[in-house]
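What follows is one structure encoded as structure tokens, with my remarks underneath.
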Amino acid sequence: MPFALLPEFAPVSRPAPSMMMKNTGHGLRRSVQLLALSLPLLAAAPRWVEAAEPAAAVAGPVLSPNANLLLQGVPPVPQALADAVGRYNDFRGHSFVDWHPKKREMLVAHRKAGGNTSQLFRLSQPGGALEALTDAADPVQDASYEPRQGRYIVFARASGGNEVAQLYRLDAAGKEPVLLTDPDQRHAMNGWLHQSSQMLVTSVPLDRTAQGGSRTQVMTELWLMDPEKPAAKRKLAELPGGGWGVGAVSRDDKRLALSEYISANESRIWLMDLATGEKRQVLPAPGEQLRATHAPGAFTPDGKALLVVSNRFGEFNELARYQLADGRLERIATGVPWDVTGASLTEDGKRLALQFNIDGRSELRFFDGRSFKPQPSPSLPSGSISAASFDPKRGELMFSLNGAQGPNQIYSLDAKGKIVRWTEPYAPPGIDTRRFGDQQVVRWKSFDGRSISGLLSLPPADKFSGKRPVLISIHGGPEGQATAGFMGRSNYYLQELGVAIIQPNVRGSSGFGKTFLDLDNGYQREDSVKDIGALLDWIATQPGLDASRVMVTGGSYGGYMSLAVASHYADRIVGAIDIVGISHFVTFLNNTESYRRDLRRVEYGDERDPAMKAFLEQISPLTHAAKIKKPLFVVQGKNDPRVPYTEAEQIVAKVREQGTPVWYLRAENEGHGFARKENQDYLLYATILFMQQNLLAKP
């Protein structure tokens, strides 16, 4: 009985699988004003756009971008570069999706050889051949077996990165999937009832269906659906706002535990009567003046209690048990002073596996499911745990992990402690991933004396000597976290270019306690930018790092941070890369999809307040575009529902007006980050060219 905890920012009711950009609260809506700003860039522009400035001649053949890529200012990619880099583009791991309810087999997500996106496969035995179940242009990563017999699969899929997920029923491999949902809404799977094959589904309306093209109020609809009879679905409730989800269903199917997400540091739990639809808030208790997170987990098998995770007792998310009879909440001591980030309980309730985020590395610990006393933990393969889930039939625990030496792989642990490997990650010929070095935690003092940490990856010392150029890579969110794991394509920067990579966890990052998480909210926004300024100071003290050659990059909120660093510390960096980032907070909040807007206002501030609006305008990178003096590379997906593409195009136009070199790459079939291999590949080649011109050249 696995249960998923709400992520720091949950844009949908059910936590989404891991993507290129995670926990980033941004969205898409076109405005006439912003479109007008972009016209100089887009008017009569073909798919391939010539460089804004004359590009240096390229000797030999060049690699043409695919038809979905729009480029400006980006020089041609030499075919020789693509050939040299190509092997770093094909690391392939496996992500666990679901256990079969009756058989010892599972669903996994994987990008096959020659494939462009991640798809669903059936894996019937450890080390067995993968049976393809889906094959589409858009990725599929979220799916579930029908829970009683496994007769069919329900999966979610969006189009072109727009995140408007639709649900489909797949009856068997080779069959055409059956659409179950209304394409004019965004849908999410929220689990199943225990006594019947009925699925809980949440649906959220879109701005495109609203009168006038925008919504001032958003409601989440909760439905009960038989996927074999979708037309007969029953509406259970209309819930105010866009942050609702189902955390658990009682064994007798009489109660639901609902989660209401307010912000990264505030969420509530409600109990709903499935028969009547009546609901009541239970945590925090009505009238209790407490700002804390409360995430519902599993009902205990006896139906008397609900397991929850909360930070109400201290700085970190801890396990607790809520007694349904009297409303008493019992704190459960685990002895691990870090966030609980995942949990799985066996069907009989006897065994509990908890995931802990320990300084950016996910570890697995075991407990008795009734007494909650620690149990001996077997020696697991090295790596960071990305998922863990007990098989409901046998109590076999699936766990997946990755590390510096390889992408995600899946194992299982049976009741006797035997570890079985189910998948083997793929690395291209000629690359020995065992040589890839581990990330190390580094710390520095910021402007106010606070300790800030990050992950440092160094090039191989036997290949590169002297001070190394530095790439600062800032995570999104802002309630995200740089965590230990496989570096993927970035290994090319380390292994072949000799570039050191630092992934900072500036204030506002998750994983370091609720006080730290709040330190960048509202009027404190630029304090996180100062943390990067302090990092630049720290780099200057390191004998192996070259402070004269530092580049900054980031995606989503990390894209905003890259732009902010480019304007605040232009004299201390050689260039910046902004990937799907916010360039102006007010235009972003006005144009992000409405189901995200109120959730983001809690973090950034409410632009409807005149004082806050003035502050947000004052700190926005677009306001300070004239200070961006070093070359800028902007990357965007046209269908981004979080940060609209106009955020990219207004900063491109404004910085270019100042005479600063700007490269712009936009994918017409992507959203908030690139999901397609062919687009990811071309982005890597272009990034290497940008680094060669600006970071690797001697000052």
Side-chain angles (χ1 to χ4, degrees), residues 16-22 63-69 77 82-83 85-98 105-124 127-144 153-163 165-166 168 170 172-177 386-387 400 402 406-410 422-431 433 485-492 637 639 667-686:
S18 178
M19 298 174 69
M20 181 179 173
M21 305 293 169
K22 69 185 284 190
L63 176 69
S64 296
N66 69 71
N68 286 297
L69 295 182
V77 172
D83 293 340
V85 177
R87 57 186 179 150
Y88 283 87
N89 274 329
D90 203 26
F91 299 109
R92 289 183 279 116
H94 304 78
S95 298
F96 172 81
V97 177
D98 196 20
E105 67 177 41
M106 62 178 67
L107 294 176
V108 302
H110 174 68
R111 182 179 59 79
K112 66 181 180 181
N116 205 25
T117 57
S118 179
Q119 299 294 321
L120 287 180
F121 295 82
R122 177 184 287 115
L123 182 57
S124 59
L130 294 176
E131 179 187 0
L133 299 177
T134 62
D135 186 11
D138 293 294
V140 181
Q141 294 178 305
D142 192 11
S144 178
I153 294 164
V154 177
F155 68 87
R157 184 172 65 201
S159 177
N162 65 7
E163 298 186 18
Q166 303 302 311
Y168 298 82
L170 181 64
K175 294 281 188 177
E176 187 69 21
S386 51
S400 56
N402 72 82
N408 223 42
Q409 51 199 299
I410 300 173
W422 283 69
T423 64
E424 190 81 39
Y426 174 82
I431 295 184
T433 60
F486 189 58
M487 297 291 286
R489 289 171 169 83
S490 296
N491 280 298
Y492 185 85
N639 304 320
E668 306 293 272
N669 59 347
E670 300 281 11
H672 199 63
F674 288 6
R676 289 162 173 76
K677 181 181 183 297
E678 63 180 358
N679 295 337
Q680 294 172 349
D681 291 353
Y682 202 90
L683 173 57
L684 175 63
Y685 306 145

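In this structure, CG in L107 is found 4.5 Å from CD1 in I153, a value given to the nearest 0.5 Å. Annotation: the span from E668 atom CD to N66 atom CG amounts to 10.0 Å, rounded to 0.5 Å. To the nearest 0.5 Å, atom CD of residue Q119 and atom CZ of residue F155 are 8.5 Å apart. Separating the NZ atom in K677 from the CG atom in L684 is a distance of 10.0 Å, to the nearest 0.5 Å. To the nearest 0.5 angstrom, N408 atom CG is 5.0 Å from S95 atom OG. The distance from atom OG of S490 to atom OH of Y88, rounded to the nearest 0.5 Å, is 11.5 Å.
Y426 approaches P429 most closely through the heavy-atom pair OH-CD, 3.4 Å. In plain terms, the two heavy atoms of G86 and Y685 that are nearest each other are CA-OH, 4.3 Å. For L63 against A82, the heavy-atom pair with the smallest separation is CD2-CB, 3.9 Å. Nearest approach of A109 to V97, heavy atoms of both residues: N-CG2, 3.6 Å. Nearest heavy-atom pair, V140 versus A156, reported as atom, atom and distance to 0.1 Å: CG1-O, 3.9 Å. Minimum heavy-atom separation, A667 to L69: CB-CD2, 3.8 Å.
Between the side chain of N162 and the backbone N or O of S159 there is at least one donor-acceptor pair closer than 3.5 Å. For the pair N116 (side chain) and E678 (backbone), a donor-acceptor distance under 3.5 Å is present. Side-chain atoms of T117 never come within 3.5 Å of backbone atoms of A675 as a donor-acceptor pair (strictly under, hydrogens ignored). Not a single donor-acceptor pair under 3.5 Å links the side chain of S118 to the backbone N or O of P139. No side-chain donor-acceptor contact under 3.5 Å links T423 to the backbone of Q409. A distance-only check finds no donor-acceptor pair linking the side chain of E131 to the backbone of A173 [under 3.5 Å]. A donor-acceptor pair under 3.5 Å is absent between the side-chain atoms of R111 and the main chain of R92, judged by distance alone. Side-chain atoms of R122 never come within 3.5 Å of backbone atoms of V108 as a donor-acceptor pair (strictly under, hydrogens ignored).
Between H110 and H94, the ring planes lie parallel to each other; the angle is under 30°, not in the 30° to 60° tilted range.
Using modelled atom types and a 3.5 Å distance limit, the side chains of Y682 and N89 yield no donor-acceptor pair. Side-chain atoms of N68 and N679 form no donor-acceptor pair, as typed in the model, at a separation below 3.5 Å.
With sequence neighbours excluded, the residues that form a salt bridge (charged side-chain N to carboxylate O under 4.0 Å, His left out) with K112 are D135.
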### Task
Evaluate ring pair (Phe, Tyr, Trp, His ring centres under 6.0 Å) for F91 paired with F486, printing each intermediate quantity in order.
CA-CA 10 Å; F91 299 109; F486 189 58; 5.0 Å; yes
### Task
Take N639 and E670 through the side-chain contact (heavy atoms from CB on, under 4.5 Å) test and state the conclusion after the steps.
CA-CA 6 Å; N639 304 320; E670 300 281 11; over 6 Å; no
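Looking at D681 and R489, a side-chain N of the basic residue comes within less than 4.0 Å of a carboxylate O on the acidic one, giving a salt bridge.
For the pair P407/N402, no side-chain contact is recorded, criterion being any heavy-atom separation below 4.5 Å from C-beta on.
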